[in-house]
J.: 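Below is the structure I would like to discuss, written out as C-alpha cells.
Just so it is clear, the model here is predicted, and its values are computed rather than measured.
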Amino acid sequence: MRVDVVLRYVGVVMLFIALFMLLSAGISFVSGMDSAFYPLLLASLLTALLGAFPLIFVERTQQITNKEGFCIVVGSWLVACLVGMFPYLIWGGEFSLVNAWFESVSGFTTTGSTILNDIEVLPRGLQFWRMSSTWIGGMGVVMFALLILPSLGRNKMTLSSVELSTLAKDNYRYRTQIIVQILLVVYVGLTVLTTVLLKMAGMNWFDSLCHAMSACATSGFSTKNASVAYFNSPMIDTILIFAMATAGIHFGLIYATVTGKRNNIFRSEVTRWYLVMLLGGGLLIAVSLFAANIYPTFSAAFHHALFQFVSLVTT
C-alpha cells in the first residue's frame with residue numbers, strides 16, 4: 001500500500017473542511033466580527049496548510065487500489081474529527097482538549113450529543129461550524145470531497161464504492177459522477193427546502209439554516225439550550241418531522257420520485273415499511289402518553305410522540 005497516495009487524498013478532504021471553516025468565519029464576519037472570527041480563520045488556515053502539504057509533495061496517481069481506498073475513507077473520517085477540534089480549542093470557553101474532541105466527533109458522526117452546558121453562549125460563527133461539521137458528516141466527508149475531484153477517473157469509483165453501503169448502491173444505475181451529483185442535489189435541495197419552510201414558520205434565517213442542516217443530517221444539534229422546544233411551535237416541529245423522516249429515505253429513491261422514474265418511493269417496499277413503522281410507533285407512544293394524561297388532547301400527544309420517535313429512529 002502506498003501511504004503517500006493515501007495522504008494525498010486525505011489532504012484533499014482537509015482542504016474541503018478548511019473551506020467550511022472559512023465559510024463559518026464569514027458568518028462571524030457578517031455577524032459583527034464576533035469572537036469566533038479569528039479562531040475560525042486561524043483554524044481554516046492551519047487545516048488548509050496541513051492538507052496542502054501532501055498535494056505539493058505527492059504526485060497524482062492514475063489508479064488506487066481497494067485497500068488504499070479503504071484507508072483513504074477511514075483516514076479522512078479520523079482526520080476530519082481531529083482538525084474539527086481546531087476552532088473549538090482556539091476559541092476556548094468550555095472546550096478543553098477532550099471536550100473539543102467530543103464535540104467534533106459528535107458532529108461529524110451526526111450523533112448530536114454535546115458537552116456544552118450553555119450552547120447559546122457560542123458566537124454565531126462557532127454555532128455555524130458545529131452545524132457544518134454535522135452536515136458534512138450527514139453526507140459523508142469523502143462523498144463531499146468527490147464532488148470537487150473531477151479528474152479522479154476510476155479512482156472516484158473506488159472511493160465511492162468504499163463509502164457507499166451495498167444496499168445503497170443497489171438502487172443506483174448510474175456512473176459514479178452522476179451518483180455523487182444525485183446525492184448532492186437531493187441533500188442540498190432538502191436542506192434548502194427545510195430552511196425556507198422553517199423561516200416561513202417563524203424562525204430567523206440563521207436558526208432556520210442551522211436546524212435544517214442538523215435535521216437533514218439526521219443529527220441532533222441545535223442553536224438553543226432547550227433545542228426545538230425553545231420555539232414552542234407545532235408547525236416548526238411538523239416541518240422538522242418531515243425533514244428528518246425524508247432524510248432517512250434512500251436519496252436515489254427521492255431523486256427518482258422527483259424526476260418521475262419508475263423505481264420511486266411509492267414502489268419501494270423498504271420505504272413503505274419505514275413510513276408505516278414511523279406512524280405506527282408514533283401512534284403507540286401517543287396512546288401511552290394520552291392514557292397517562294401527560295397531554296390534554298390526543299393530537300398533542302401524537303404530535304410530541306411522532307417528533308420524538310422520528311428523531312430517535314433516524315438517529
J.: Please, which pairs that meet ring-ring contact (aromatic ring centres under 6.0 Å, His included) have at least one residue in residues 263-282, sequence neighbours excluded?
T.: none
J.: State the OG-CD1 distance between Ser44 and Ile17, to the nearest 0.5 angstrom.
T.: 11.0 Å
J.: Output the rest of the hydrophobic cluster of Trp101: all Ile, Leu, Val, Met, Phe, Trp and Tyr residues reachable through side-chain heavy-atom contacts under 4.5 Å, sorted by chain and number.
T.: Leu82, Met85, Leu89, Leu97, Val105
J.: For residues 210-217, which side-chain N or O atoms pair as donor and acceptor with protein atoms under 3.5 Å away, sequence neighbours left out?
T.:
| from | atom 1 | to | atom 2 | distance (Å) |
| --- | --- | --- | --- | --- |
| His211 | ND1 | Asp207 | O | 2.8 |
| His211 | NE2 | Ser222 | OG | 2.8 |
| Ser214 | OG | Phe221 | N | 3.1 |
| Ser214 | OG | Phe221 | O | 2.8 |

J.: Evaluate whether atom CE of Met235 has more than 12 neighbouring non-hydrogen atoms of other residues, nucleotides or ligands under 6.0 angstrom away.
T.: no
J.: Does atom NZ (Lys67) have a neighbourhood of more than 12 heavy atoms from anything else shown, all under 6.0 Å?
T.: no
J.: Taking the side chain as C-beta and beyond, is there a heavy-atom pair between Phe302 and Phe290 under 4.5 Å?
T.: no
J.: May I ask you to decide if Tyr255's main-chain N or O and Thr259's side chain share a donor-acceptor pair within less than 3.5 Å?
T.: yes
J.: Applying side-chain hydrogen bond (donor to acceptor under 3.5 Å, both in side chains), name anything that partners Ser104, two or more places apart in sequence or on another chain.
T.: none
J.: Heavy-atom distance under 4.5 Å between the side chains of Thr195 and Trp205, does that happen here?
T.: yes
J.: Under a 4.5 Å cut-off applied to non-hydrogen side-chain atoms, are Val13 and Val79 in contact?
T.: no
J.: Write down the atom of Pro87, the atom of Pro39, and the distance for their closest heavy-atom approach.
T.: O-CB, 4.1 Å
J.: Measuring from atom CG of Leu50 to atom CG of Leu15, what distance do you get when rounded to the nearest 0.5 angstrom?
T.: 10.0 Å
J.: Counting only pairs under 3.5 Å, give me each side-chain donor-acceptor contact of residues 23-33, with atom names and distances, residues two or more places apart or in other chains.
T.:
| from | atom 1 | to | atom 2 | distance (Å) |
| --- | --- | --- | --- | --- |
| Ser24 | OG | Phe20 | O | 2.9 |
| Ser28 | OG | Asp34 | OD1 | 2.9 |
| Ser31 | OG | Ile27 | O | 2.8 |

J.: Quick one: do Leu283 and Phe309 end up in the same hydrophobic cluster if we chain Ile, Leu, Val, Met, Phe, Trp and Tyr together by side-chain heavy atoms under 4.5 Å apart?
T.: yes
J.: Side-chain contact, heavy-atom cut-off 4.5 Å: Leu55 with Arg8?
T.: yes
J.: Does any part of the side chain of Ser76, heavy atoms only, come nearer than 4.5 Å to the side chain of Tyr9, both counted from C-beta?
T.: no
J.: Treating Tyr88 as the side-chain partner and Leu126 as the backbone partner, does any N or O pair qualify as donor plus acceptor under 3.5 Å?
T.: no
J.: What closest approach, in Å, do Ala201 and Ile239 show between heavy atoms, and which atom pair accounts for it?
T.: CB-CD1, 3.7 Å
J.: Would you say that Met139 contacts Leu183 through its side chain, given a criterion of any heavy-atom pair below 4.5 Å between the two side chains?
T.: yes
J.: Taking all non-hydrogen atoms of both residues, which atom of Gln127 and which atom of Ile119 are closest, and how far apart?
T.: NE2-O, 3.1 Å
J.: Same cluster or not: are Val186 and Val188 linked, directly or through other Ile, Leu, Val, Met, Phe, Trp or Tyr residues, by side-chain heavy atoms under 4.5 angstrom apart?
T.: yes
J.: Which value, rounded to the nearest 0.5 Å, describes the distance between Leu198 atom CG and Leu240 atom CG?
T.: 5.0 Å
J.: Would you say the side-chain atoms of Ser219 pair up with the backbone N or O of Thr134, donor to acceptor, closer than 3.5 Å?
T.: no
J.: Between Thr271 and Ile265, what is the shortest heavy-atom contact and its length?
T.: CG2-CG2, 3.4 Å
J.: Please tabulate, for side-chain N and O atoms in residues 292-300, each donor-acceptor pair with protein atoms closer than 3.5 Å (sequence neighbours left out).
T.:
| from | atom 1 | to | atom 2 | distance (Å) |
| --- | --- | --- | --- | --- |
| Thr297 | OG1 | Ser299 | OG | 3.2 |
| Thr297 | OG1 | Ala300 | N | 3.2 |

J.: Calculate, to the nearest 0.5 Å, the distance between atoms CD1 and CD belonging to Ile115 and Glu94 respectively.
T.: 5.5 Å
J.: Report yes if the side chains of Val270 and His250 come closer than 4.5 Å at any heavy-atom pair, otherwise no.
T.: no
J.: According to a 4.5 Å side-chain heavy-atom criterion applied to Ile, Leu, Val, Met, Phe, Trp and Tyr, with indirect links allowed, do Tyr38 and Val121 form part of one hydrophobic cluster?
T.: no
J.: What are the two closest non-hydrogen atoms of Trp91 and Ala36, and how far apart are they?
T.: CD1-CA, 4.0 Å
J.: Could you check whether any side-chain N or O of Ser106 sits under 3.5 Å from a backbone N or O of Gly112, counting only pairs where one atom can act as donor and the other as acceptor?
T.: yes
J.: In terms of side-chain heavy atoms, does Thr111 have a donor or acceptor partner in Thr109 at a distance below 3.5 Å?
T.: yes
J.: Using the rule that Ile, Leu, Val, Met, Phe, Trp and Tyr join whenever any side-chain heavy atoms are under 4.5 Å apart, tell me whether Tyr230 and Leu116 fall into a single cluster.
T.: yes
J.: What are the two closest heavy atoms between Asp118 and Asn225, and how far apart are they?
T.: OD1-ND2, 2.9 Å
J.: Measure the spacing between CD1 of Ile285 and NE2 of His304 and express it to the nearest 0.5 Å.
T.: 13.0 Å
J.: Could you tell me the separation between the CE atom of Met131 and the CD1 atom of Ile136, rounded to the nearest 0.5 Å?
T.: 13.5 Å
J.: Please verify the inter-ring angle class for Trp129 with Phe108; under 30° counts as parallel, over 60° as perpendicular, anything in between as tilted.
T.: perpendicular
J.: Is there a side-chain contact between Thr218 and Met244 (heavy atoms, below 4.5 Å)?
T.: no
J.: Do Met21 and Leu49 land in one hydrophobic cluster if side-chain heavy atoms of ILVMFWY residues count as linked below 4.5 Å?
T.: no
